[in-house]
Amino acid sequence: MKHRDRQEKITIEGNIYGLTLIWNRELLGRSVVGLSPDYAYITKNGSYFALIDCSSDVNGFFVEAFHFAMEKPTWRMNFNYLNINTIPFRDILVRLPLSQSIN
């Protein structure tokens, strides 16, 4: 599986969404089991909107509303069998509740 760092922005209905996905290539090269990326999140107009959880050795990932530790997210979307490294950012966004925000 090819791991791709991503910094992308898309404007939808006047809101600017940003995707950040950064892998630690040094750790990936030494890992026997899958690792999460160092950074994986989505912003909306410059504020945290969603967190992404994925692993370097498995297809599938999930996106959930930004929340602080020990808090339960207000929503969560599963992307089973899809690859976070290759799915277009717009295809992620169209499945999320974009009208919701932490503000």
Side-chain angles (χ1 to χ4, degrees):
M1 179 181 300
K2 183 176 178 180
H3 298 92
R4 200 175 101 196
D5 290 344
R6 299 173 70 175
Q7 290 279 21
E8 301 174 32
K9 289 192 177 185
I10 293 178
T11 301
I12 297 177
E13 296 179 2
N15 294 299
I16 301 170
Y17 295 91
L19 168 67
T20 299
L21 177 68
I22 307 292
W23 296 96
N24 185 327
R25 297 230 173 348
E26 184 178 320
L27 289 179
L28 284 173
R30 293 184 278 154
S31 173
V32 177
V33 297
L35 293 172
S36 335
D38 279 354
Y39 303 100
Y41 58 87
I42 296 172
T43 58
K44 178 179 180 180
N45 299 324
S47 297
Y48 288 112
F49 175 72
L51 303 172
I52 300 170
D53 192 9
C54 55
S55 177
S56 62
D57 65 345
V58 179
N59 278 339
F61 60 97
F62 68 85
V63 179
E64 61 187 19
F66 177 79
H67 62 283
F68 294 103
M70 307 304 285
E71 288 181 1
K72 186 175 181 177
T74 56
W75 54 264
R76 177 181 164 143
M77 301 294 190
N78 292 316
F79 292 78
N80 299 325
Y81 310 110
L82 296 173
N83 187 330
I84 188 68
N85 296 292
T86 59
I87 185 172
F89 184 31
R90 184 171 296 278
D91 289 355
I92 296 172
L93 289 176
V94 298
R95 296 177 175 153
L96 302 180
L98 299 181
S99 62
Q100 296 191 18
S101 169
I102 63 166
N103 299 332

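Sequential numbering from 1 along the given sequence is applied to the chain's residues. The structure displayed is predicted, hence computed values, not measured ones.
- A heavy-atom distance below 4.5 Å is not found between the side chains of N24 and L35.
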Check against side-chain contact (heavy atoms from CB on, under 4.5 Å), L96 and I42 = CA-CA 11 Å; L96 302 180; I42 296 172; 3.9 Å; yes

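- Taking CZ from F89 and CD1 from I84, the interatomic distance works out to 9.5 Å, rounded to the nearest 0.5 Å.
- Across S36 and W23, no two heavy atoms sit closer than the pair C-CZ3, 3.9 Å.
- Of all heavy-atom pairs between H3 and S56, the closest is NE2-O, 2.8 Å.
- One finds the OG1 atom of T86 at 7.5 Å from the CG atom of N59 (value rounded to the nearest 0.5 Å).
- Within the structure, the salt bridge (Lys or Arg N to Asp or Glu O under 4.0 Å) test picks out the following pairs touching residues 8-21 (sequence neighbours left out): R4-E8, R6-E8.
- The minimum heavy-atom distance between A50 and W75, with the atom names listed, is CB-CH2, 3.8 Å.
- A ring-centre distance under 6.0 Å is found for Y41 and Y48.
- Applying the side chain to side chain contact (heavy atoms under 4.5 Å, CB included) test to D91 and every residue at least two apart in sequence or in another chain returns I87, P88.
- Rounding to the nearest 0.5 Å places NZ of K44 at 5.5 Å from CZ of F49.
- Atom CG in N78 sits 11.5 Å away from atom CZ in R95 (nearest 0.5 Å).
- Put simply, I92 and F62 are part of two different groups of oily side chains (I, L, V, M, F, W, Y) that touch within less than 4.5 Å, one to the next.
- Side-chain rings of F79 and Y81 stay apart, their centers remaining 6.0 Å or farther from each other.
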I'd like a table of donor-acceptor pairs (distance under 3.5 Å, sequence neighbours excluded) in which one partner is a side-chain atom from residues 15-22, with atom names and distances.
| residue | atom | partner | partner atom | Å |
| --- | --- | --- | --- | --- |
| N15 | OD1 | N45 | ND2 | 2.8 |
| T20 | OG1 | Q7 | OE1 | 3.0 |

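- When all heavy atoms of C54 and G60 are compared, the closest pair comes out as CB-O, 4.3 Å.
- Side-chain contact check for N83 and N85: at least one donor-acceptor pair (N or O, by modelled atom type) lies under 3.5 Å.
- Of all non-hydrogen atoms in A65 and P73, the two that sit nearest each other are O-CB, 3.7 Å.
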